[in-house]
Amino acid sequence: MTTNTLIRVENLEKAFGDLHALNGISTEIQKGEVVVVIGPSGSGKSTFLRCLNLLEEPTGGHIFFDDVDITNQAEVNINHYRQKMGMVFQHFNLFPHMTILKNMTLAPIKLLKKSRPEAEEKAMELLRRVGLADRAGAYPSQLSGGQKQRVAIVRALCMEPEVMLFDEPTSALDPEMVGEVLDVMKDLAKSGMTMVVVTHEMNFAREVGQRVMFMDGGKIVEENTPVELFTHPQSERLQAFLAKVL
Amino acid sequence: MVSDISVWFTETWENFQQWFQTQIVDKFILNFIVEERWRYLWDGLWVTLEITLFAVLVGILLGFLIAIVRATHDKTGKLRFFNAICKIYLTVIRGTPVLVQLLIINFVVFQSVSINKVIVAVIAFGINSGAYVAEIFRSGIMSIDNGQFEAGRSLGFSYASTMIHIIIPQAFKNVLPALGNEFIVLLKETSVSSYIALEELTRGGDLIRSRTFDAFMPLLAVALIYLVLVMIFTAMVNALERRLRNSDH
């Protein structure tokens, strides 16, 4: 184990009653790495992502963040570790009763104890980066889907996380808005952010991913660099999957 | 011919004037002015408002706590014991008439204690209203998309902070119409407190009736006062609703 490991997953399991969504996942995510998780619906890829920040409680196995076992709920304050793991959802989940700026500054002010001007300055800087500075005073319902998702990304970034988790961030978007969100994610990857991305965007996986993980039946079937994985798929399951999606 | 009609008009007019004088003016004076009987209504009105206001506060507090317990149980499976207690409370309170609850609290619970009747009524109506408010709040909390909850948690907010900063403000806005309705019902229901000899508005009208043996005037006055109260209250709730909606487009 190198000191460069940010998240280490050991034999992770998750069952919903009789349904076993995850059947022993083990992997490591390095600092600065962009990992893309692909797979058919029901393969457990979203569950895997949601287990990383314990939005889903694993029923077995361990997750180490900076060498701390965050599945040990008795001794670890998970709220503290969630601050270091930004998450972006398929349905944006912006707070509809707050302006964009308020959406972004709520957590930094309440949790990081930043002053309002400080938090707002940081938020505005991030909004400028994604080209939405002029929408700071708007409410989420006044934005397009693509704009909402860009705000959701920078809202998570306001907490200065060490890793960003993306749960199918473009799946709920109109096709013409997918590009603007992927562009933001590409910039983020270039800036050196550690990212775990669950997506159906194979081009994004190929272009931005440093490692692609193919999941099926609650297991990692295959993982490799995008070039290798897409051009020389080893398993039959991945070959069948790629034949359908590419 | 012309004079016939004019005589008829004159007679009718005089009859009307006489009727108006005896039936309306005299009765009004008898029911409200003589012996300052309007005071029954005026004093009763304040008692009614007093009961309603404090019962609403008790109801909101109680309802809010129960809703949090119930919603937390629904969402996380925790607080099983408290949830069971809350469920019993809801079943009993919603399953029995408020009048019976009022009588029990007055004649059984405070049987041997000398206590202000207004307090008895506030306790009875507060406990009763709390059950309904609890379900209103709970439905409001459960109506908020779970994604809001997850977004809050993923930013690092605790369960309680997520509730306070993200869920409850949205839930409150959603349930405001139902909450307003509950308080209109409560205001009118306080009229049954005359059963424990509490001199509130309805009882005030009744006292006038027992003095003057006239039912029409005092009851009409009582009904009008309730109507005006409800209209004022509805206008206030609507104004609050509009203000909250401004922040949401």
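Predicted, not measured: the structure shown is a model, and the values here were computed from it. Letters A, B, ... mirror the listed sequences (proteins, then strands); counts begin at 1.
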Asker: Which region of A:L106, side chain (C-beta onward) or backbone (N, CA, C, O), has a non-hydrogen atom less than 4.5 Å from a non-hydrogen atom of chain B, or is it both or neither?
Answerer: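 When you check distances to chain B, atoms from both the backbone and side chain of A:L106 fall under 4.5 Å.
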Asker: So how far is it from B:Q170 CD to A:M98 CE, rounded to the nearest 0.5 Å?
Answerer: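 So the CD of B:Q170 and the CE of A:M98 are separated by 7.5 Å.
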Asker: If you measure from NE2 on B:H165 to CG on A:L111, what distance do you get to the nearest 0.5 Å?
Answerer: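 Those atoms lie 7.5 Å apart.
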Asker: Only counting residues at least two apart or in another chain, list the ones meeting side-chain hydrogen bond (donor to acceptor under 3.5 Å, both in side chains) with A:N53.
Answerer: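 side-chain hydrogen bond (donor to acceptor under 3.5 Å, both in side chains) list for A:N53, sorted by chain: empty.
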Asker: Using a cut-off of 6.0 Å, state whether more than 12 heavy atoms not belonging to B:F64 lie near its atom CZ.
Answerer: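 Count not over threshold, so no.
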Asker: Check each atom of A:R50 against the heavy atoms of chain B and say whether the ones under 4.5 Å are side chain, backbone, both or neither.
Answerer: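 Side chain of A:R50 only, per the 4.5 Å heavy-atom cut-off to chain B.
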Asker: Does NZ belonging to A:K114 count more than 12 external heavy atoms closer than 6.0 Å?
Answerer: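 Yes, the 6.0 Å shell around NZ holds more than 12 heavy atoms from other groups.
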Asker: Applying side-chain contact (heavy atoms from CB on, under 4.5 Å) to B:R153 and A:N79, what does each step give before you reach the verdict?
Answerer: CA-CA 7 Å; B:R153 296 309 302 272; A:N79 297 327; 3.2 Å; yes
Asker: What's the spacing between B:S154 OG and A:R155 CZ if we round to 0.5 Å?
Answerer: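 Spacing of OG (B:S154) from CZ (A:R155) equals 6.5 Å.
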Asker: Can you tell me which of B:P169, B:A151, B:G152 forms the most heavy-atom pairs within a distance under 4.5 Å of chain A?
Answerer: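 Ranked by contacts with chain A, first place is B:A151.
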Asker: Determine yes or no for a side-chain-to-main-chain donor-acceptor pair under 3.5 angstrom, with A:N93 supplying the side chain and B:Q148 the backbone.
Answerer: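 It does not hold such a pair.
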Asker: Chain B heavy atoms under 4.5 Å from A:L165: which part of the residue, side chain, backbone, both or neither?
Answerer: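 Contact with chain B involves no heavy atom of A:L165 at all.
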Asker: Verify the neighbour count for atom CZ of B:F81: are there more than 12 heavy atoms of other residues, nucleotides or ligands below 6.0 Å?
Answerer: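 No.
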Asker: Give a yes or no on this: more than 12 heavy atoms of other residues, nucleotides or ligands lie within 6.0 Å of atom CZ of B:F54.
Answerer: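 Open.
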Asker: Please round to the nearest 0.5 Å and tell me the distance separating atom OG of B:S158 and atom CG of A:N77.
Answerer: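 These two atoms lie 9.0 Å from each other.
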Asker: State the NE2-NZ distance between A:H97 and B:K173, to the nearest 0.5 angstrom.
Answerer: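 Taking NE2 in A:H97 and NZ in B:K173, the distance rounds to 7.5 Å.
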Asker: Just how far is it from atom CG of B:L155 to atom CZ of A:F95, taken to the nearest 0.5 Å?
Answerer: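 The distance works out to 5.5 Å.
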Asker: Answer yes or no: are there more than 12 heavy-atom neighbours, outside A:K186 itself, under 6.0 Å from its atom NZ?
Answerer: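 Above 12, so yes.
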Asker: Hey, which residues of residues 81-91 of chain A are touching chain B, say heavy atoms under 4.5 Å apart?
Answerer: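 At a heavy-atom separation under 4.5 Å, chain B is reached by A:R82, A:Q83, A:M85, A:M87, A:F89.
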Asker: Looking at B:Y195, I want to see if its OH is surrounded by more than 12 non-hydrogen atoms of other residues, nucleotides or ligands under 6.0 Å.
Answerer: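 Open.
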Asker: Can you confirm whether more than 12 heavy atoms, excluding those of B:Y89, are under 6.0 Å from its OH atom?
Answerer: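 Enclosed.
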Asker: Is it the case that more than 12 heavy atoms not belonging to A:Q73 sit under 6.0 Å from its CD atom?
Answerer: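 Correct, the count exceeds 12.
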